[in-house]
Amino acid sequence: MITGQLKSKIDKLWEEFWTGGITNPLTVIEQITFLMYARMLDMNEQADEKRFTRTKKPFTRRFKDNEQHLRWQNIRHLGAEELYKVVKDELFPYFSKANDDESTEGAIFNEFMKDAQLMIQKQSLLVKAVEMVNDLPLENSDTKGDLYEYLLSKLTTAGINGQFRTPRHIIRAMVEMMDPDKNSRICDPSTGTGGFLSVSYEYLLEKYTSTEGIEREPLFDIDGKPLLDSNGNQLENVLYSGDLIDEDARKHIDTDMFHGFDFDATMLRVAAMNLVMHGIKQPDIHYQDTLSQSFLEKFPNEAKSGMEIILANPPFKGSLDEEDVCPEILRKVKTKKTELLFVALIERMLRVGGRSATIVPDGVLFGSSKAHQQLRKLLVDNNQLEAVISLPSGVFKPYAGVSTAILIFTKGGTTDHVWFYDVQADGFSLDDKRTPIKDNDLPDLVAQFKARDKAEAIEQDKARKADVQGSTNAAGAGRTGAAFWVSKDEITSNKYDLSINRYKEVIYEEEEYDPPKEILGKLVSLENEILNDLKQLEEMI
């Protein structure tokens with residue numbers, strides 16, 4: 001959570017870009033990212049310089065002697081014309097050049113900065129942007145992540161391939177159900193802005209923070225007045241230190257826990273900055289089409305049986321040329337549809353015993369094509385399909401109104417029963433405005449998922465069989481609530497259909513109506529009253 005004052009600064013910065021002619025939200029975020037990156041480079045350089053003064057321990061400089069004028073502390077004082085010239089002709093080429101040093105920033109960003117361009121055309125806009133970025137509290141590591149998330153919340157358009165930003169509360173529920181620990185290897189093969197990875201890191205900090213390591217910071221609005229909740233209590237920013245994470249685990253988190261891949265260079269720049277702003281020193285982010293053969297060749301450890309947890313919301317639409325798709329994936333599911341190919345890819349990327357929570361469009365659950373059935377058969381017969389969670393159709397508005405579900409499965413093992421949950425509300429209205437509401441099934445979803453017991457599945461099977469034998473109601477016992485179990489036998493007999501409506505029992509309440517003659521009599525009586533009123537009006541004229 002960030003303060004109203006900070007939100008106001010970001011809103012003002014956003015408005016300056018908008019009025020300056022840059023109206024694509026992703027471009028705005030990308031350009032702000034570049035300026036934040038420039039400032040952070042200098043901040044880290046200053047920190048190393050101070051440490052050197054204290055300890056005399058040498059360090060690798062980010063700025064050589066002939067590059068000192070490119071440091072943030074120097075460029076921010078330049079006049080409009082000179083600032084624009086230096087940033088455009090020197091700073092951006094500096095970003096994109098190959099770095100020989102081993103600095104964290106170089107390792108993360110140089111791969112994505114090669115095509116970086118200054119899109120700001122107005123000198124006055126660049127001056128204002130530099131001033132406002134200079135006022136952002138980037139030195140506060142606990143605020144940086146929230147600050148960047150607020151920037152990302154302004155993304156309101158979907159990509160041409162059907163990719164869009166997954167709401168943070170949906171991501172949070174998925175992360176809680178996966179429950180990563182400090183030794184996990186987590187991946188998103190279609191990483192986008194890095195939301196799944198950054199939320200996973202936030203979850204780990206909370207999980208590994210002692211009671212003594214929690215700090216609370218009161219929040220104030222732009223006028224310095226306390227921000228209050230609906231009950232009149234002052235809102236607080238809760239900061240988790242992660243003090244229970246040991247040195248070895250910290251190194252793993254910084255270098256080998258988080259892996260992300262995407263073939264949109266702009267998204268990668270944003271994702272890399274997002275993770276660094278959250279406090280991950282060197283996330284493993286790469287420009288790569290994960291469905292291609294080159295992924296397996298360039299990243300064999302990640303592309304095949306290398307991951308413990310995969311969290312993803314792959315592109316929902318679009319078809320690929322089969323020649324570009326890795327043959328090994330096509331052997332699992334022969335199709336051109338990206339939503340099917342990505343699930344097969346994820347299954348390949350997981351190590352045996354690894355788990356995935358992946359968002360898919362509803363068509364994946366019930367599609368009747370050979371490829372759809374082939375994929376569902378792969379999940380049910382060759383792996384342990386744990387859960388199918390139906391989401392309401394409005395959760396991705398204003399991007400799209402598509403109906404979706406979360407598939408949770410473990411690689412390997414066998415499926416005997418599958419747990420279903422029907423989410424009706426996620427805490428926000430299901431229209432384009434997505435305003436907060438009281439109804440929210442997500443806390444119950446997470447609680448029931450963690451507490452689910454297959455003994456219940458066996459009991460439900462027994463009750464269902466008794467129900468079938470003893471009455472005409474064969475829909476299945478225990479399937480009227482939000483959560484219920486379905487056996488593998490029943491799923492396979494329905495061509496591996498995984499749609500929740502196939503199995504959920506809907507109870508219809510009988511409505512009682514007056515007899516038709518009685519209703520007709522009432523209508524005649526009303527008609528006569530109207531005629532009498534009309535006659536009285538006519539006599540009065």
Side-chain angles (χ1 to χ4, degrees), residues 5-6 8-53 59-101 103-106 108-110 112-141 143-144 147-148 151 266 269-270 272-273 276-277:
Q5 186 174 6
L6 187 51
S8 178
K9 286 183 179 180
I10 297 172
D11 291 342
K12 189 176 180 183
L13 177 58
W14 194 272
E15 187 178 334
E16 292 289 351
F17 272 90
W18 195 267
T19 56
I22 302 178
T23 56
N24 184 328
L26 191 56
T27 303
V28 175
I29 291 174
E30 181 190 39
Q31 295 297 297
I32 295 174
T33 292
F34 289 141
L35 296 178
M36 287 180 172
Y37 174 49
R39 186 179 163 208
M40 288 176 65
L41 279 175
D42 191 28
M43 285 168 54
N44 291 340
E45 186 83 342
Q46 291 181 57
D48 284 345
E49 288 171 343
K50 290 177 181 177
R51 192 178 300 110
F52 173 74
T53 302
F59 67 95
T60 303
R61 287 194 169 276
R62 297 162 183 80
F63 299 90
K64 298 180 176 64
D65 290 341
N66 63 341
E67 296 169 337
Q68 290 295 309
H69 65 292
L70 300 179
R71 294 178 64 168
W72 184 265
Q73 60 183 315
N74 295 323
I75 66 170
R76 74 184 185 91
H77 296 298
L78 297 175
E81 185 175 348
E82 189 178 0
L83 173 66
Y84 190 84
K85 188 175 184 302
V86 169
V87 171
K88 186 176 186 296
D89 297 336
E90 297 187 66
L91 183 60
F92 270 71
Y94 166 79
F95 284 162
S96 61
K97 74 178 184 179
N99 238 340
D100 294 328
D101 64 60
S103 69
T104 298
E105 299 88 351
I108 298 170
F109 288 100
N110 284 341
F112 317 126
M113 294 295 185
K114 292 176 183 178
D115 300 320
Q117 293 182 355
L118 180 65
M119 302 297 291
I120 299 172
Q121 301 298 321
K122 296 182 179 180
Q123 296 178 4
S124 58
L125 173 58
L126 181 60
V127 171
K128 290 179 180 177
V130 167
E131 289 175 353
M132 291 186 183
V133 169
N134 192 69
D135 289 339
L136 297 178
L138 300 185
E139 62 281 343
N140 187 335
S141 60
T143 304
K144 283 190 299 187
L147 182 155
Y148 208 74
L151 265 179
T266 301
R269 283 191 278 267
V270 171
M273 177 60 80
V276 170
M277 294 280 276

>> Any non-hydrogen side-chain atom of Asp89 less than 4.5 Å from a side-chain atom of Tyr84?
In response: no
> Just how far is it from atom CG of Leu35 to atom CE of Met132, taken to the nearest 0.5 Å?
Replying inline: 12.0 Å
> If you round to the nearest 0.5 Å, how far is CE of Met273 from OH of Tyr37?
Replying inline: 7.5 Å
>> Which residues pass the ring pair (Phe, Tyr, Trp, His ring centres under 6.0 Å) test with Phe52, not counting sequence neighbours?
In response: none
> Could you state the interatomic distance from CG (Asp48) to CZ (Arg61), rounded to the nearest 0.5 Å?
Replying inline: 9.0 Å
>> Measuring only between side-chain heavy atoms, which start at C-beta, is Val133 closer than 4.5 Å to Val130?
In response: no
> Should Leu70 and Phe63 count as side-chain neighbours, where that means a heavy-atom distance under 4.5 Å?
Replying inline: yes
> Which value, rounded to the nearest 0.5 Å, describes the distance between Leu78 atom CG and Leu126 atom CG?
Replying inline: 10.0 Å
> Heavy atoms, side chains only, cut-off 4.5 Å: are Arg62 and Tyr94 in contact?
Replying inline: yes
> Got a sec, which residues hit side chain to side chain contact (heavy atoms under 4.5 Å, CB included) with Thr27, two or more places apart in sequence or on another chain?
Replying inline: Ile22, Asn24, Gln31, Met119
> Does any non-hydrogen side-chain atom of Met36 lie less than 4.5 Å from one of Leu151?
Replying inline: yes
>> Taking side chain to side chain donor-acceptor pair (under 3.5 Å) as the definition, give me every residue that meets it alongside Arg71, ordered by chain and number, with sequence neighbours left out.
In response: Asp42, Glu49, Gln68
> By side chain to side chain donor-acceptor pair (under 3.5 Å), which residues pair with Glu90, not counting sequence neighbours?
Replying inline: His69
>> Could you report the tightest heavy-atom contact between Leu13 and Ala129, atom names first, then the distance?
In response: CD1-CA, 3.8 Å
> Who pairs with Asp11 by side chain to side chain donor-acceptor pair (under 3.5 Å), at least two apart in sequence or on another chain?
Replying inline: Tyr150, Lys154
> Is the closest side-chain heavy-atom distance between Thr23 and Val28 below 4.5 Å?
Replying inline: no
>> Determine whether Val276 and Met40 satisfy the following criterion, side chain to side chain contact (heavy atoms under 4.5 Å, CB included), listing intermediate values before the conclusion.
In response: CA-CA 10 Å; Val276 170; Met40 288 176 65; 3.6 Å; yes
> Any side-chain heavy atom of Gln73 within less than 4.5 Å of one from Gln46?
Replying inline: yes
>> So, using side chain to side chain contact (heavy atoms under 4.5 Å, CB included) as the criterion, who are the partners of Lys122 when residues are at least two apart?
In response: Ser124, Leu125
>> In the structure I gave you, are the side-chain heavy atoms of Leu91 and Phe34 within less than 4.5 Å of one another anywhere?
In response: no
>> Checking Lys128 now: which residues fulfil salt bridge (Lys or Arg N to Asp or Glu O under 4.0 Å) with it, not counting sequence neighbours?
In response: Glu16
> Considering all heavy atoms of both residues, which atom of Thr33 and which atom of Arg269 are nearest to each other, and what is their separation?
Replying inline: CG2-O, 4.1 Å
> Which residue pairs pass the ring pair (Phe, Tyr, Trp, His ring centres under 6.0 Å) test with at least one member in residues 8-31, sequence neighbours excluded?
Replying inline: none
> Taking only residues two or more places apart in sequence, or in another chain, which ones meet Glu131 in a side chain to side chain donor-acceptor pair (under 3.5 Å)?
Replying inline: none
> What distance do Gln123 atom CD and Glu81 atom CD have between them, rounded to the nearest 0.5 Å?
Replying inline: 5.5 Å
